[in-house]
Amino acid sequence: MTGQVRTVDGRVAGRRGQATRQKLLDCLSEMLSSSPYRDVKVIDVARKAGTSPATFYQYFPDVEGAVLEIAEEMAKEGAALTELVSGRAWIGKAGWQAAEELVDGFLDFWRRHDAILRVVDLGAAEGDKRFYKIRMKILNSVTNSLTDAVKELQSKGKVDKDVSPAAMAGSLVAMLAAVAGHQKGFQTWGVKQAELKPNLALLVHLGITGKKPAK
């Protein structure tokens with residue numbers, strides 16, 4: 001944890017206070033994995049953390065405020081997703097490798113943060129601009145880099161000039177997010193994870209390059 005951590009009333013939290021605050025966030029994260037967001041109450045989070053509701057309210061205005069803190073931290077990690085795309089070559093075998101690694105990284109990120117991402121998606125769908133901004137922050141980290149990749153291929157005459165780089169990149173990232181959030185659902189269709197990844201990578205590769213991959 002970097003920088004000063006403050007309580008709701010503006011006081012700087014000491015080391016013990018920071019540890020308590022982090023424990024409350026960790027317990028809330030754990031509870032979101034097993035309980036619907038709307039069912040999580042301050043008293044339950046405080047009890048799980050071995051403290052009191054009054055202590056919870058020293059650091060967060062309510063459960064939603066604490067959830068936003070978790071979501072912001074997750075979004076910071078999500079910004080690193082751009083590294084899966086930025087500066088990658090999309091021609092030849094390198095293109096297939098780039099598509100595979102993007103799919104791997106994207107699905108892995110969604111699996112690790114599944115609980116908080118569900119809450120973010122819910123908040124964004126309900127029109128809460130705070131959750132919407134967090135969701136877009138994560139998606140933009142990949143969309144912008146993919147847009148640049150399509151533009152570069154166009155400049156080399158590898159992709160048709162009629163293709164809109166932003167529209168293609170945005171569509172692919174929206175698809176990745178939808179699939180990533182539905183990973184468990186694929187099992188009900190009889191689709192195994194080992195089958196999902198290469199087929200999703202194929203779609204990404206086709207979208208970016210317009211060609212079948214050279215494996």
Side-chain angles (χ1 to χ4, degrees), residues 1-3 22 25-26 29 33 67-121 123-124 130-156 158-159 163-184 186 193-215:
M1 189 178 294
T2 57
Q22 188 58 49
L25 289 174
D26 292 343
S29 293
S33 299
V67 166
L68 281 165
E69 288 277 348
I70 297 170
E72 287 284 5
E73 285 302 314
M74 178 267 300
K76 288 177 185 174
E77 185 181 333
L81 288 171
T82 188
E83 295 171 10
L84 297 169
V85 186
S86 183
R88 298 297 298 266
W90 287 89
I91 298 171
K93 291 182 178 179
W96 175 242
Q97 185 179 353
E100 282 189 309
E101 290 181 8
L102 172 58
V103 167
D104 269 343
F106 208 96
L107 296 187
D108 178 63
F109 176 81
W110 233 261
R111 256 193 320 274
R112 285 187 289 111
H113 299 287
D114 175 62
I116 191 65
L117 281 163
R118 278 188 279 111
V119 178
V120 169
D121 284 348
R130 297 169 301 173
F131 285 113
Y132 175 77
K133 284 180 180 178
I134 289 170
R135 189 174 196 277
M136 291 308 295
K137 191 183 213 177
I138 298 165
L139 300 185
N140 285 345
S141 64
V142 180
T143 305
N144 295 338
S145 293
L146 281 182
T147 299
D148 291 341
V150 177
K151 285 179 179 177
E152 185 178 348
L153 288 171
Q154 281 181 324
S155 71
K156 295 177 179 177
K158 301 291 185 181
V159 169
V163 172
S164 164
M168 180 59 74
S171 298
L172 289 172
V173 172
M175 175 189 72
L176 283 170
V179 172
H182 192 68
Q183 290 181 72
K184 293 177 183 176
F186 277 91
Q193 191 77 6
E195 297 169 321
L196 176 61
K197 286 184 178 181
N199 283 280
L200 192 53
L202 174 60
L203 289 172
V204 169
H205 189 278
L206 284 170
I208 296 297
T209 68
K211 298 180 178 65
K212 288 183 178 181
K215 300 181 185 179

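Between atom NZ of residue K76 and atom OG of residue S141 there is a gap of 15.0 Å, rounded to the nearest 0.5 Å. Remark: M168 CE to L206 CG distance equals 9.5 Å, nearest 0.5 Å. Taken from CG in L139 to CG in L176, the straight-line distance is 9.5 Å, to the nearest 0.5 Å.
Across V120 and A71, no two heavy atoms sit closer than the pair CG2-CB, 3.8 Å. Scanning all heavy atoms of the two residues, the minimum distance from P165 to T147 falls at CB-O, 3.7 Å. The heavy-atom pair separating A89 from A98 by the smallest distance is O-CB, 4.0 Å. T82 approaches S145 most closely through the heavy-atom pair OG1-OG, 2.6 Å. Between V159 and I208, the closest heavy-atom pair is CG2-O, 3.4 Å. The two residues A75 and I134 come nearest to each other via the heavy atoms CB-CG2, 3.9 Å.
Between L200 and the options V103, L172, L102, D104, a side chain to side chain contact (heavy atoms under 4.5 Å, CB included) holds for only V103. Here the options are L68, I70, D121, the test is side chain to side chain contact (heavy atoms under 4.5 Å, CB included), and the partner is I116; only I70 passes. Applying side chain to side chain contact (heavy atoms under 4.5 Å, CB included) to F109 and the options I138, V142, L84, D114 leaves one that passes, I138. Checked options K212, K211, H205; the residue passing with T209 is H205 (criterion: side chain to side chain donor-acceptor pair (under 3.5 Å)).
Residues M74 and E69 have side chains not in contact (no heavy-atom distance under 4.5 Å, counting atoms from C-beta outward). Side-chain contact between E72 and K137: present, with at least one pair of heavy atoms (C-beta onward) separated by less than 4.5 Å.
Of the possible donor and acceptor atoms, one in the side chain of Q154 sits under 3.5 Å from a partner among the backbone N and O of V163. S86 places no side-chain N or O within 3.5 Å of a backbone atom of E83 that could act as its donor or acceptor partner. Formation of a donor-acceptor pair under 3.5 Å by the Q183 side chain with backbone atoms of A180 is found in this model. Listed for the N144 side chain is a donor-acceptor partner under 3.5 Å among the backbone atoms of N140.
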Can V204 and M175 be said to form a side chain to side chain contact (heavy atoms under 4.5 Å, CB included), step by step? CA-CA 9 Å; V204 169; M175 175 189 72; 4.2 Å; yes
Test side chain to side chain contact (heavy atoms under 4.5 Å, CB included) on F106 and V179 and set out the steps. CA-CA 10 Å; F106 208 96; V179 172; over 6 Å; no
Full working for side chain to side chain contact (heavy atoms under 4.5 Å, CB included) between R135 and L117: CA-CA 8 Å; R135 189 174 196 277; L117 281 163; over 6 Å; no
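A salt bridge links E152 with K156: at least one charged nitrogen is closer than 4.0 Å to a carboxylate oxygen.
Around NZ of K158, the count of heavy atoms belonging to other residues, nucleotides or ligands within 6.0 Å does not exceed 12.
N199 and E195 form no side-chain donor-acceptor contact under 3.5 Å, judged by distance and modelled atom types alone.
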